[in-house]
Amino acid sequence: MKVRQSVVVVDAFADRPFAGNQAAVCRLSNPASTLWMQAIAGEMNLSETAFVHRRPDGWGLRWFTPAVEVNLCGHATLAAAHALTEAGLVEAGQPLVFHTRSGPLSVLPGDAGYAMDFPALPVWAQRAPAGFAEAIGAAAVWSGTDGVDLFAELQDESTLRLLKPDFTRLGGFQVRGIIVTARSAEFDFVSRFFAPASGILEDPVTGSAHCALGPYWSTRLNRTELLGYQASARGGRVRVSVRGDRVVLGGMAVTVRRGEREVPADSGVETWPTTPLGRP
């Protein structure tokens with residue numbers, strides 16, 4: 001027997017539909033198998049699908065791209081917090097606590113959006129791998145890593161915005177993704193994020209990348225409060241507050257779609273309450 005189940009799709013780091021980064025959010029009554037969640041994420045074919053279930057001490061949360069499970073994802077965490085808040089499952093004025101592969105993460109809903117307390121990911125200098133400039137389409141003025149991604153500062157914002165990477169070459173680097181960044185006239189910094197090895201050519205807005213971008217630009221600009229812009233086709237603003245070994249990422253979110261799919265009756269998937277979709 002199968003039942004109809006709703007999947008909420010949220011535009012994260014956006015104050016209007018069709019901007020920011022999309023994530024699907026699936027609420028479970030109990031933890032599901034990794035294979036099942038990976039299959040659902042592949043079927044959704046968004047940059048991330050988040051799976052949440054209630055625990056006595058908060059919420060369990062896991063994130064999947066269409067190809068792999070990831071250890072940290074900012075925009076899908078924001079999407080999960082927004083979906084739970086919109087469904088009336090969050091106590092007013094209280095933070096959500098998500099238990100994840102990266103430890104507990106708290107998200108506080110507010111009038112100006114959501115404030116997410118994440119681990120900082122400081123970057124250190126490291127020579128770019130052979131062929132990096134040819135793969136990304138520009139030379140780096142500084143290169144390094146945060147232990148998960150390659151990290152490169154480019155000469156200027158124009159160079160970053162006009163990049164046309166060779167995704168086949170980029171996919172050959174054995175990293176989660178590639179963060180490129182530059183100073184900006186309008187924002188404190190701009191960035192882009194490419195992750196072909198993780199099944200994503202270019203991610204529209206990457207919260208977890210700002211866990212590294214925040215400390216990097218905080219040191220260079222000698223400020224702890226920053227505003228970044230991820231210069232993808234959809235684009236999105238991320239507020240970053242650097243607090244020692246933590247960063248607080250701020251952004252808004254909008255529900256854009258409630259899809260239905262058939263799943264086994266015993267799959268443990270819960271149906272979201274019906275509420276109006278977000279509007280501009």
Side-chain angles (χ1 to χ4, degrees), residues 6-17 19-31 48-63 72-121 205-208 210-211 214 218 223-228 236-258 269-280:
S6 297
V7 177
V8 177
V9 178
V10 175
D11 284 347
F13 294 113
D15 59 1
R16 65 189 189 282
N21 199 355
Q22 282 196 321
V25 184
C26 184
R27 185 162 58 97
L28 310 173
S29 56
N30 295 290
E48 301 284 347
T49 299
F51 297 87
V52 295
H53 67 276
R54 192 185 288 276
R55 293 175 27 156
D57 54 353
W59 296 84
L61 172 61
R62 292 172 71 177
W63 312 277
L72 185 64
C73 180
H75 87 276
T77 302
L78 194 160
H82 179 72
L84 293 172
T85 300
E86 191 177 61
L89 299 172
V90 180
E91 187 176 344
Q94 296 299 310
L96 284 143
V97 178
F98 293 110
H99 298 275
T100 77
R101 280 181 151 190
S102 293
L105 305 175
S106 68
V107 182
L108 182 63
D111 293 338
Y114 298 83
M116 304 188 295
D117 185 351
F118 272 38
L121 299 175
V205 188
T206 313
S208 60
H210 287 76
C211 295
S218 178
R223 296 213 319 274
T224 57
E225 302 295 326
L226 304 162
L227 178 62
R237 302 184 182 200
V238 183
R239 300 187 306 274
V240 186
S241 178
V242 181
R243 302 179 182 178
D245 64 352
R246 308 290 295 181
V247 294
V248 176
L249 308 179
M252 303 184 75
V254 182
T255 300
V256 293
R257 181 156 48 98
R258 296 180 186 278
V269 179
E270 297 189 359
T271 300
W272 294 97
T274 301
T275 55
L277 299 186
R279 298 299 180 195

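Bear in mind the structure is a predicted one, so any value in this text is a computation, not a measurement.
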To the nearest 0.5 Å, what is the distance between [atom1] ([X]) and [atom2] ([Y])?
X      : Y      : atom1 : atom2 : answer
Thr206 : Leu249 : OG1   : CG    : 11.5 Å
Asp11  : Arg257 : CG    : CZ    : 9.5 Å
Glu225 : Ser218 : CD    : OG    : 9.0 Å
Met252 : Phe13  : CE    : CZ    : 12.5 Å
Leu78  : Glu48  : CG    : CD    : 13.0 Å

In this structure, which one of Val238, Leu226, Val247 forms a side-chain contact (heavy atoms from CB on, under 4.5 Å) with His210? Val238

Taking all atoms of both residues into account, what is the closest heavy-atom pair of [X] and [Y], and its distance?
X      : Y      : result
Gln22  : His75  : O-NE2, 3.0 Å
Leu121 : Ser208 : CD1-O, 4.2 Å
Ala50  : Ala80  : CB-CB, 4.5 Å
Val240 : Gly214 : CG1-CA, 3.7 Å
His53  : Pro31  : NE2-CG, 3.5 Å
Pro109 : Thr85  : CG-OG1, 3.7 Å

Any non-hydrogen side-chain atom of [X] less than 4.5 Å from a side-chain atom of [Y]?
X      : Y      : result
Leu96  : Tyr114 : no
Pro104 : Asp117 : no
Pro119 : Leu105 : yes
Met116 : Phe98  : no
Glu86  : Val10  : no
His82  : Val25  : no

Over 12 foreign heavy atoms within 6.0 Å of CZ, Arg237: no

